[in-house]
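Numbered from 1 within each chain, the chains take letters A, B, ... in sequence-line order.
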There are 2 protein chains.
Amino acid sequence: MTKKEQKNRLIPEEELYDLAELFKVFGDSTRIRILFALFLKELCVNDLAAELNMTQSAISHQLKILRNARLVGLRREGKQSVYFLKDDHVRTIIDQGREHIEE
Amino acid sequence: MTKKEQKNRLIPEEELYDLAELFKVFGDSTRIRILFALFLKELCVNDLAAELNMTQSAISHQLKILRNARLVGLRREGKQSVYFLKDDHVRTIIDQGREHIEE
DNA sequence: TGAACGTATGAACAAATAATCATACGATCA
DNA sequence: TGATCGTATGATTATTTGTTCATACGTTCA
C-alpha cells in the first residue's frame with residue numbers, strides 16, 4: 001500500500017485515539033511555547049526555563065510529555081540536557097494551525 | 001507582507017496561546033471522531049450521536065466547541081442541524097498528525 | 001393549539017492535568 | 001570524596017474539562 005493509498009483509506013478507530021493524544025500534546029501553551037523556542041535553536045532545560053520565565057521543574061515535566069510524544073529529542077552534554085525538535089511534522093502542524101487562525 | 005514572509009517571522013506570544021487553544025480542540029477523542037465522521041459526509045446531531053454511540057447531549061456540547069473554533073459549520077434543515085467541516089486545514093492538520101504517528 | 005421531535009444548554013460531578021514543592025539522581029570539579 | 005550544578009520525578013493541590021441529567025427552545029404537523 002502506497003502512502004497515498006494509506007492516507008485515503010478509512011482511519012481505524014484506534015488511530016483516532018492516538019491522534020487525539022498527539023494533539024493534546026500541542027494543546028497546552030507551555031508546550032507550544034517550548035516547541036516554538038526549539039524552532040529557533042536547541043536549548044537546555046535551564047535556558048528554556050529562563051526564556052519562558054517558568055520554573056525548571058515545570059519545564060522538565062512538560063519536556064517529558066513532549067519526549068513521550070516523540071516531538072523533541074535530547075542530547076546529553078555534561079550536566080546539561082540539550083533539547084531539539086525531532087521532526088518536521090511539528091512545523092507543518094503548527095503552520096496549518098496558524099493558517100486556520102489567521103483566516 | 002506576503003504569506004511566506006508572514007510565515008517566517010517570529011510568532012507573537014499571543015498567537016501561541018491561540019494556537020494552543022486550537023490544538024486543544026483537536027485533543028479530544030470525541031471531537032476527533034466527530035471531525036472524522038464529517039470527513040466522510042455531512043451529518044445531523046442525532047446521526048452523529050448514533051454513529052459514535054454517544055448521547056445527543058454529549059455530542060451537542062462538543063459540537064459547540066468545534067463551532068467556536070470555526071472547525072465545523074451548520075445548516076438548519078427543518079428540525080435538524082446538519083453539520084459539516086468548515087475548511088481544509090482540518091484535513092491537513094489531521095493528515096500531518098497521522099504521518100507523525102505512523103513513523 | 002398542543003404534542004412530538006431534534007437540538008441546545010446550564011448545573012453538577014468525576015476525571016484529567018499543569019504547576020509547585022521537595023527531593024533524588026548523575027555529572028563535574030575542587 | 002564531598003560539594004555543587006543541571007535535571008528528573010513523585011506527591012499534592014488547584015484548575016480545567018467531558019459527560020450526564022434535567023430542561024428549555026424552536027420547528028413541524030395533526
Side-chain angles (χ1 to χ4, degrees), chain A residues 13 16-38 41-86, chain B residues 13 16-38 41-86:
Chain A
E13 191 75 0
L16 293 177
Y17 287 90
D18 293 339
L19 265 179
E21 287 307 307
L22 174 63
F23 287 123
K24 203 172 289 182
V25 176
F26 286 91
D28 173 80
S29 59
T30 297
R31 287 191 292 266
I32 284 279
R33 289 165 74 223
I34 291 175
L35 290 175
F36 182 63
L38 298 181
K41 58 176 180 296
E42 307 185 332
L43 285 167
C44 69
V45 181
N46 272 342
D47 288 350
L48 269 170
E51 201 145 316
L52 305 193
N53 195 29
M54 296 188 62
T55 66
Q56 172 269 320
S57 180
I59 297 297
S60 201
H61 278 295
Q62 298 310 324
L63 282 171
K64 180 170 195 173
I65 294 172
L66 292 169
R67 259 185 287 135
N68 289 343
R70 302 183 348 271
L71 297 176
V72 303
L74 73 88
R75 181 180 66 244
R76 305 295 318 230
E77 278 189 8
K79 299 182 258 191
Q80 303 189 98
S81 300
V82 181
Y83 281 82
F84 49 87
L85 288 192
K86 209 157 183 197
Chain B
E13 191 75 1
L16 292 177
Y17 287 92
D18 294 340
L19 264 179
E21 287 307 306
L22 174 64
F23 288 123
K24 203 173 288 182
V25 176
F26 286 92
D28 173 78
S29 59
T30 298
R31 288 190 294 267
I32 284 277
R33 288 167 73 224
I34 290 175
L35 290 176
F36 182 63
L38 298 181
K41 57 176 180 297
E42 306 185 333
L43 285 167
C44 69
V45 181
N46 272 343
D47 288 350
L48 269 170
E51 199 145 320
L52 305 193
N53 194 31
M54 296 187 64
T55 68
Q56 173 269 320
S57 180
I59 297 296
S60 200
H61 277 295
Q62 298 309 324
L63 282 171
K64 179 170 195 172
I65 293 173
L66 291 168
R67 258 186 287 133
N68 289 343
R70 303 183 349 272
L71 296 176
V72 303
L74 73 90
R75 180 179 67 242
R76 305 294 318 227
E77 278 188 10
K79 298 181 259 192
Q80 304 190 101
S81 300
V82 181
Y83 281 83
F84 49 88
L85 287 193
K86 210 157 182 196

(Q) Measuring from the side chain of B:N46 (C-beta onward, heavy atoms only), which nucleotide among D:dG6, D:dT9, C:dG6 has the closest atom? (A) C:dG6
Q: Quick one: closest heavy-atom pair of A:D28 and B:A20, and the distance?
A: C-CB, 3.7 Å
Q | Residue pair A:L38 / A:V72: nearest heavy atoms and the distance that separates them | A | CD1-CG1, 3.8 Å
Q) Can you name the residues that form a salt bridge (charged side-chain N to carboxylate O under 4.0 Å, His left out) with B:R75, not counting sequence neighbours? A) B:E42, B:E77
Q | salt bridge (charged side-chain N to carboxylate O under 4.0 Å, His left out) partners for A:K24, two or more places apart | A | A:E21
Round to the nearest Å and state the distance from [X] atom [atom1] to [N] atom [atom2].
X: B:R76; N: C:dC5; atom1: CZ; atom2: C1'; result: 12 Å
X: A:F23; N: D:dT17; atom1: CZ; atom2: P; result: 18 Å
X: B:E77; N: D:dG26; atom1: CD; atom2: C1'; result: 16 Å
X: B:K64; N: D:dT19; atom1: NZ; atom2: P; result: 16 Å
X: B:Q80; N: D:dC25; atom1: CD; atom2: C1'; result: 17 Å
X: A:L48; N: D:dG6; atom1: CG; atom2: P; result: 14 Å
X: A:L43; N: D:dT7; atom1: CG; atom2: C1'; result: 15 Å
X: A:I34; N: D:dT7; atom1: CD1; atom2: P; result: 13 Å

Q: Would you give a per-nucleotide map of nucleotides 16-26 of chain C, 5' to 3', where B means the base has a protein non-hydrogen atom under 4.0 Å away, S means only the sugar-phosphate does, and - means neither?
A: -SSSBBB----
Q: Could you tell me which residues satisfy ring pair (Phe, Tyr, Trp, His ring centres under 6.0 Å) with A:F23, sequence neighbours excluded, listed by chain and number?
A: B:F26
Q. Hey, does the side chain of A:Y83 come within less than 4.0 Å of D:dG6's phosphate (OP1/OP2), counting only N and O?
A. no
(Q) Going by side chain to side chain donor-acceptor pair (under 3.5 Å), name the pairs with one or both residues in residues 45-63 of chain B, residues two or more places apart or in two chains. (A) B:R31-B:Q62
Q: Assign B:S81 to base, sugar-phosphate, or nothing according to its heavy-atom contacts below 4.0 angstrom with the strands shown.
A: sugar-phosphate
Q | With B:N68 via side chain to side chain contact (heavy atoms under 4.5 Å, CB included) - residues at least two apart | A | B:K64
